[in-house]
Protein chains: 2
Amino acid sequence: MTQAVRHDSMRARNLGVVLGEVRRSGPVTRAALAEMTGLTKTTVSKMVADLLAAGMVTETGVPSRGERGRPGTAVALSGGRVAALGLEINVDYLSACVVDLTLEVRLRRARAVDNRAASPVETLSHLREIAREAVEEARSLGLVVAGSTLAVPGPVDDGLVHSAPNLGWRDVHVGELLDGLLTPLPTVDNEANLAALGELWFGSGHRDFLHVSGEIGIGAGLVVDGALFRGSHGLAGELGHVVVFPDGPPCRCGGRGCLEQYAGQEALLRAAGAGTVEELAGRLREGDAAALAACERAGHALGLALTSAVHLFDPGTIVLGGVFAPLFPWISGAVLETTAARLSAIRDAVPDLAVSRLGGDATALGAAGQVIHRIIADPVAYVTASRTAPAGSKPR
Amino acid sequence: MTQAVRHDSMRARNLGVVLGEVRRSGPVTRAALAEMTGLTKTTVSKMVADLLAAGMVTETGVPSRGERGRPGTAVALSGGRVAALGLEINVDYLSACVVDLTLEVRLRRARAVDNRAASPVETLSHLREIAREAVEEARSLGLVVAGSTLAVPGPVDDGLVHSAPNLGWRDVHVGELLDGLLTPLPTVDNEANLAALGELWFGSGHRDFLHVSGEIGIGAGLVVDGALFRGSHGLAGELGHVVVFPDGPPCRCGGRGCLEQYAGQEALLRAAGAGTVEELAGRLREGDAAALAACERAGHALGLALTSAVHLFDPGTIVLGGVFAPLFPWISGAVLETTAARLSAIRDAVPDLAVSRLGGDATALGAAGQVIHRIIADPVAYVTASRTAPAGSKPR
DNA sequence: CCGATTTAGTCCACTTAATGGATTTAATAT
DNA sequence: ATATTAAATCCATTAAGTGGACTAAATCGG
């Protein structure tokens, strides 16, 4: 339900609106902010003063556009104070990154660890260490880590990881195991979702797209008008188990002919006779026939699954990330051929097919970016109001 | 972007919050409303006074719960004044209904017309007549028709019907052709979307479901937490063209093996050797083998498409409406068998499969309901504020 | 059966946060 | 140097909600 608005929440919301507009429009003057938000110059000025005091924005040099009249002093997001921590647990590595308010990546940490062999407790205590180091290093840069998000490769519901099959996890309460280190406790979210958000905030700039993040499994995150679609239980976007050939080979999900059986990392490497994605990419560059045929087949299957996804989701663009990013040149042809044949007659615009520039980095970046975006949308907790009339204001 | 809040929009929003709570909680006292919304009793009282004056709520008899203390006077939505018109154009009929604020259906009009044979202009002038009659009859019941929505069988973008293949329409500007009769002009929306909303507001009470509305085509509307999912261009939910058997028979969409080729009304009737859905239902009741086999086959295909849809959409429940409603007893078995086999190993909860109680009525009801819901969410246009202190208030 | 208790709803003085117009400030144009 | 223009601030006003006091109308309990 929409919540009632009171004076304090009105201010809180307007602060968020102003700060959001500062982000959207780069350096802007107070007058322009007033224009854009519909608030008065007075109100905007007061808010900007508070945001300046909180270290969330800075005054930048006057743009000096050679126009008449007093030039405004522009304000822009300040990267100097507030920051967010993004954490990622994946099958064979842990990583952390710290991002400031301007979405500048301030530091990165990654460590190769085989988390399949480790228990959740071991993995999480390892992660704890990395997180602590990152927070300390951020502090030495003058940054305050205001929040964190953790990405895990599996469906998550409110801090509980239902199952992460590739990690061998079942019903792990991540929040509890990280208690004490980070305040507030990190938000925990699904890898594919966060990768899509990473693509939104750090990638090509689209605001409507379906991001396909092929790893061991194949997940997809749908972003519509800058917002992630999660479904009723947060399990939406399981592209890997969309039915492609109903009578195909059995899948670990209990079904048959799921996309994962044709375009999943394991199936793809097996079909190409390669050990790793890098090896496969090398063979493709050499023009290896088996490798090319494997990509062709995977691309066709992916195209079929994406056809269904486009009919259901109606995305603006399709962005291929994860392992599909390095293989894009050899996969995209088959994908496009399949989707175009099945979509063009009924849709005005067949979604573009694009590569992710981020690849595997998208996830941790998305995790940190999510925190930043929440702070920008609702910065009131970090801003102390400058009293307009400090107590005994009335002169005589 | 979230819009800035000012004093007037604060009041507008809070009015909507209060009225929404009145709807949600049936007859409630002002004190309970204050509790639920977080506003003070004072504020709620003022708003209820204005809503009473606008005829949007009424005071109902005291519930008299035998508790201590002064009993409150409950208020509930009033069906006596504000109403909405729902209109539907379909292949072989036109229909209209008027619904009041309490979502009570106050009147209904339907006329069998073959709209395939008619031009858009003819069809719309016919619709105009029906709409005028409905508005007049509503007025004679003391109702004010505050808005209207028109359902058409095809994708719609801001009043423009891109293509309604079953009507033979292409790029019809519906709004313009209805000019002059209804103010404000009706909203135009897709049939499948509105059927899903009809199911939400007039049906079984679920707030998270995928509504499958099988007619000539097969559309689906996804409702998540009471909100319709529309995709980037409003074309989401085209379940009929989800790929079921990639090498199956060609479809008018340019693809092959789409769901529509197996479970669409035409394919189903042809396979069963029946002329109409009623005839098919009759044969099924008699135990006709060909009819049963056709339903079995359609159910299996529908199950495959729904498997993909569940993986992507993650709906709470699946509701079968349209032609699938009367055929439910003979189709649901095959659907469930297919989906359960492919979903149960990977999902904790396989969505329930339910029948729509509304069948074909869902569409027009959803159209009218949408208007009502918009009014309840933002009633400020219909409410004149009672000035707290009328001008010269200060006593001396 | 009458006072105590409890809850609903209203009244009123006060607070918050925004508004709008006047004023000050700092540029460019003439 | 002066006029013009736009940015930013100042200040009195206004809209809308708050909170506590007050009144109203029930049930409870001796």
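Order of the sequence lines sets the chain letters (A, B, ...), proteins ahead of strands, with each chain counted from 1.
Closest contact between the side chain of A/T40 and the listed nucleotides C/dT10, C/dA17, C/dT19 involves C/dT19. For B/T42, taking side-chain heavy atoms from C-beta onward, the closest of the listed nucleotides D/dA8, D/dG20, C/dA18 is D/dG20. In this structure, of C/dA26, C/dG20, D/dA8, it is C/dA26 that holds the atom nearest to the side chain of A/P71.
Between the side chains of B/S232 and A/R207, no donor N or O sits under 3.5 Å from an acceptor N or O.
With hydrogens and angles ignored, no donor-acceptor pair under 3.5 angstrom links the side chain of B/H7 to the base of D/dA16. Taking only distance into account, the side chain of B/T29 never meets the base of C/dG9 through a donor-acceptor pair shorter than 3.5 Å. Side-chain atoms of A/R70 stay outside donor-acceptor range of the base of C/dA26, with no qualifying N/O pair under 3.5 Å. In this model, no side-chain donor or acceptor of B/T73 finds a partner on the base of C/dG9 within 3.5 Å.
Using a 4.0 Å cut-off between charged nitrogen and carboxylate oxygen, B/D50 and B/R11 count as a salt-bridge pair. With salt bridges taken as basic N to acidic carboxylate O contacts below 4.0 Å, one links A/R230 and A/D189.
Summarising the geometry, the separation between NZ on B/K46 and C1' on C/dC12 is reported as 10 Å, rounded to the nearest angstrom. The separation between A/R68 atom CZ and D/dA3 atom C1' is 8 Å, rounded to whole Å. Between A/D8 atom CG and D/dA15 atom P there is a gap of 21 Å when expressed in whole angstrom units. In this entry the distance linking CG of B/L39 with C1' of D/dG19 reads 14 Å, nearest Å. Atom CG of A/L33 and atom C1' of D/dA6 are 15 Å apart (whole Å). Whole-Å rounding puts the B/R6 CZ to C/dT19 C1' distance at 8 Å. Computed from coordinates, the B/L52 CG to C/dG9 P distance equals 11 Å when rounded to whole Å. We find that CD of A/E59 is positioned 15 Å from P of D/dA7, with the value rounded to whole Å.
Closest-nucleotide positions on DNA chain C for B/A31 and A/L15 were compared, and the one nearer the 5' end corresponds to B/A31.
Scanning both residues, B/W201 and B/Q370, for their nearest heavy atoms gives CZ3-N, 3.2 Å. Residue B/L87 comes nearest to B/A131 through the heavy atom pair CD2-CB, 4.0 Å, listed as atom of the first residue, atom of the second, then distance.
Contact check, A/N14 against C/dA17: no side-chain N or O comes under 4.0 Å of OP1 or OP2.
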